[in-house]
Amino acid sequence: MNKQWWKESVVYQIYPRSFQDSNHDGIGDLGGILNRLDYLKNLGVDIVWLCPIYDSPNVDNGYDIRNYEEILDTFGTMEDFDKLLDGLHDRGMKLVMDLVVNHTSDQHAWFQEALKSRDNPYHDYYIWQDGTPDQLPNNWESHFSGSVWEYVPHLGQYYLHIFSKQQPDLNWKNPEVRKSVKKMMRFWLDKGVDGFRMDTINFLSKTDGYPSVEGVEGLVRAHRYYQNGPLIHDYLKELYRDVLVDYDIMTVGETPNVSPEVAKLYVGNDREELNMIFQFEHMAVDSGPRNKWDLIPWNFVKFKEIMSKWQTTLHGCGWNSLYLSNHDQPRPLGRFADDGVYRVQSAKLLGTMTHTMEGTPYIYQGEELGMVNVRFSDISDYQDVQTVNLYADLSAKGVPHAEIMQKIYVKGRDNARTPMQWSRDRFAGFSDVQPWLGVNPSYLAINAADQENDPNSVLAYYRTLIQMRKCYSVFVYGDFQDCLPEHPQLYAYRRTLGDEQAFVILNFSNQEVPFWSPDEINLDRYKILLCNEELPQNNNEALRPYEARVYYYKEDGDQ
Ligand code: TEU
Ligand code: CA
């Protein structure tokens with residue numbers, strides 16, 4: 001058992017623009033976060049992951065970086081940043097920064113230089129293809145709609161952008177690029193930050209020649225040609241060897257389209273690459289083959305199969321992260337449980353799952369309150385570049401408004417980006433002026449202030465979950481066994497660590513379901529550590545809709 005602080009920690013993700021405004025401009029900022037540090041401390045989280053706060057023109061809300069070593073002025077100053085870092089450290093918490101190095105902003109000085117001429121020293125910092133305006137280099141589709149290629153007439157060349165055209169991809173084959181990135185990483189690590197969440201890190205190495213995907217009409221996502229590419233492990237090992245190994249930090253790579261077997265190459269104990277990754281397999285259970293907008297109903301048994309497979313494949317040889325939401329995903333309640341009548345039970349149920357599996361749990365801001373998706377009726381109320389581009393693309397293709405909006409309601413990224421719901425005050429206590437993105441009207445029913453002193457709130461439950469994980473290492477290091485893989489409503493699993501045993505049973509349905517437990521365990525010896533409803537009279541009482549129960553037993557120990 002390879003013990004590490006980042007395995008025993010719980011991470012809280014902050015989307016700074018939407019967390020807390022402190023200077024009355026309707027945009028969240030560093031001062032706002034500083035004012036909420038005690039809230040985070042009381043919640044019990046150990047690490048804060050901050051989405052990008054660097055200087056940026058904000059086409060993609062900070063994932064388009066103009067200057068890696070400056071703070072976006074809307075968010076504050078470097079002094080504010082230092083205060084925030086100290087504030088977290090003083091409270092015994094750590095700070096993880098977003099590292100976005102697959103691409104920069106087109107406003108970054110490197111790209112501005114690169115545009116000047118083919119023989120500018122920075123030209124080779126980016127990825128170019130010679131061509132003519134009428135003939136795209138290949139059929140790859142951008143994640144944000146349209147082609148990945150943008151033509152620059154005065155150069156007679158296209159540049160590659162997997163995301164928006166304001167986010168040109170860096171050329172990792174160029175050693176100067178890698179040198180610049182490593183220098184920048186040291187800049188932040190030397191300030192004392194405690195790690196990096198590495199954006200789209202498995203996109204860095206592209207297939208030579210940028211081949212088109214065969215046998216398809218029109219543009220298509222060409223994942224196989226730019227994810228997990230030929231040199232990706234060389235690049236990650238280089239970052240590890242030349243920078244990361246010198247610091248006691250954590251790294252988590254964002255890696256779409258990675259199976260548990262491939263994950264071992266990124267996070268295997270002996271690999272010297274990353275500590276853990278965000279995998280996306282469980283996020284794809286409600287997407288068809290084309291992309292996430294291809295809506296299909298999710299399959300619970302399939303979902304469990306994925307979750308369990310990741311548990312068992314990485315056990316003992318690598319580490320994973322546990323998440324059901326972030327700033328790119330819709331809110332999880334309506335997606336995996338219920339965001340209506342059983343909203344509170346559902347929020348607690350999903351939290352129970354992510355805090356009782358192997359891996360490091362991530363809480364996305366508002367998840368600890370049970371926040372839900374938003375439905376704005378007008379496309380002009382949406383801010384996300386991916387959503388806005390999708391709407392333009394599909395309406396140009398004749399798809400009716402209602403059909404596009406339906407996709408946005410289910411999968412749009414702004415679902416997760418509406419302002420944090422602090423109180424019943426105007427604008428949910430996020431700001432005292434109209435925020436940059438509309439407040440979800442649900443704030444009157446769902447907000448931190450109301451939940452603060454309510455022992456039955458989602459917030460109180462999350463505090464308990466986090467404490468429970470800290471008290472019982474079986475939840476961190478225990479091995480995992482899925483007891484009922486085929487059951488259409490229940491997820492039931494065991495965790496075992498030495499003389500510690502836990503049995504978790506989760507009802508993912510709106511029906512009452514008869515209790516079940518494995519023959520091998522004598523339930524009389526177990527106590528219920530946690531339940532998201534009033535405690536049942538008997539250990540084996542039927543499970544109420546969306547009920548979660550955690551049983552625990554320790555040989556000879558005090559329980
Ligand atoms: O997301 C990477 C990514 O793969 C997303 O494009 C994902 O496909 C989509 O958002 C959800 O369907 C990262 C960041 O998390 C995201 O916010 C950025 O927009 C993107 O990279 C570009 O930096
Ligand atoms: Ca502000």
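We count ligands from 1, going down the list as the structure has it; atoms in each ligand are counted the same way. Atoms considered below: every heavy atom in the structure, side chains included; atoms not considered: hydrogens, waters and symmetry mates.
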Who are the salt bridge (Lys or Arg N to Asp or Glu O under 4.0 Å) partners of E150, not counting sequence neighbours? none
I'd like to check which ligand 1 atoms, numbered from 1 as shown, lie under 4.0 Å from a non-hydrogen atom of [X].
{"X": "D199", "result": "13 (C), 14 (C), 15 (O), 21 (O), 22 (C), 23 (O)"}
{"X": "E254", "result": "1 (O), 2 (C), 3 (C), 13 (C), 15 (O)"}
{"X": "D60", "result": "18 (C), 19 (O), 20 (C), 22 (C), 23 (O)"}
{"X": "P256", "result": "4 (O)"}
{"X": "F144", "result": "19 (O)"}
{"X": "H327", "result": "14 (C), 15 (O), 16 (C), 17 (O)"}
{"X": "R413", "result": "10 (O), 16 (C), 17 (O), 18 (C), 19 (O)"}

Relative to [Y], does [X] satisfy both conditions: NZ or CZ under 6.0 angstrom from the six-membered ring centre, and within 45 degrees of the ring's axis?
{"X": "K7", "Y": "W319", "answer": "yes"}
{"X": "R178", "Y": "W172", "answer": "no"}
{"X": "R36", "Y": "W422", "answer": "yes"}

Any atom of ligand 1 sitting under 4.0 Å from a heavy atom of F280? no
Quick check on R197 - does any of its heavy atoms sit under 4.0 Å from an atom of ligand 1? yes
Within the 3.5 Å criterion, strictly below it, is a donor on N320 or Q279 matched to an acceptor on the partner's side chain? no
Under 3.5 Å, is there a donor on one side chain and an acceptor on the other for D29 and S22? yes
Minimal non-hydrogen separation, G438 against F376, with atom names: O-CZ, 3.6 Å
Could you work out, with ring-ring contact (aromatic ring centres under 6.0 Å, His included) as the rule, every residue matching H327, not counting sequence neighbours? Y15, Y63
So, using ring-ring contact (aromatic ring centres under 6.0 Å, His included) as the criterion, who are the partners of W188 when residues are at least two apart? Y54, F81
Taking atom CH2 of W140 and atom CZ of R221, what is their separation to the nearest 0.5 Å? 13.5 Å
Protein N/O/S atoms closer than 3.0 Å to the Ca ion (ligand 2) number 5
Geometric N/O contact T200 with ligand 1, under 3.5 angstrom: no
Checking side chain to side chain donor-acceptor pair (under 3.5 Å) for the pair R186/Y247: CA distance, chi angles, key distance, verdict? CA-CA 10 Å; R186 281 197 184 270; Y247 303 85; 3.0 Å; yes
Is the H108 ring parallel, tilted or perpendicular to the Y68 ring (thresholds 30°, 60°)? tilted
Identity and distance of the protein heavy atom lying nearest atom 5 (C) of ligand 1: F163 CE2, 4.1 Å
Checking a contact table here: which protein heavy atom is nearest atom 17 (O) of ligand 1, and how many Å away? D328 OD1, 2.7 Å
Between V177 and the options L204, T104, L170, the side-chain contact (heavy atoms from CB on, under 4.5 Å) test singles out L170
Specify side chain, backbone, both or neither for H161, according to which of its non-hydrogen atoms lie closer than 4.0 Å to ligand 1. neither
Is it the side chain, the backbone, both or neither of H103 that has a heavy atom closer than 4.0 Å to ligand 1? side chain
Among N373, D286, N415, exactly one meets side-chain hydrogen bond (donor to acceptor under 3.5 Å, both in side chains) together with R335. Which residue is that? D286
For atom 9 (C) of ligand 1, the option (of R221, H143, Q386) bearing the nearest heavy atom: Q386
Sub-4.0 Å protein heavy atom next to atom 11 (C) of ligand 1: yes
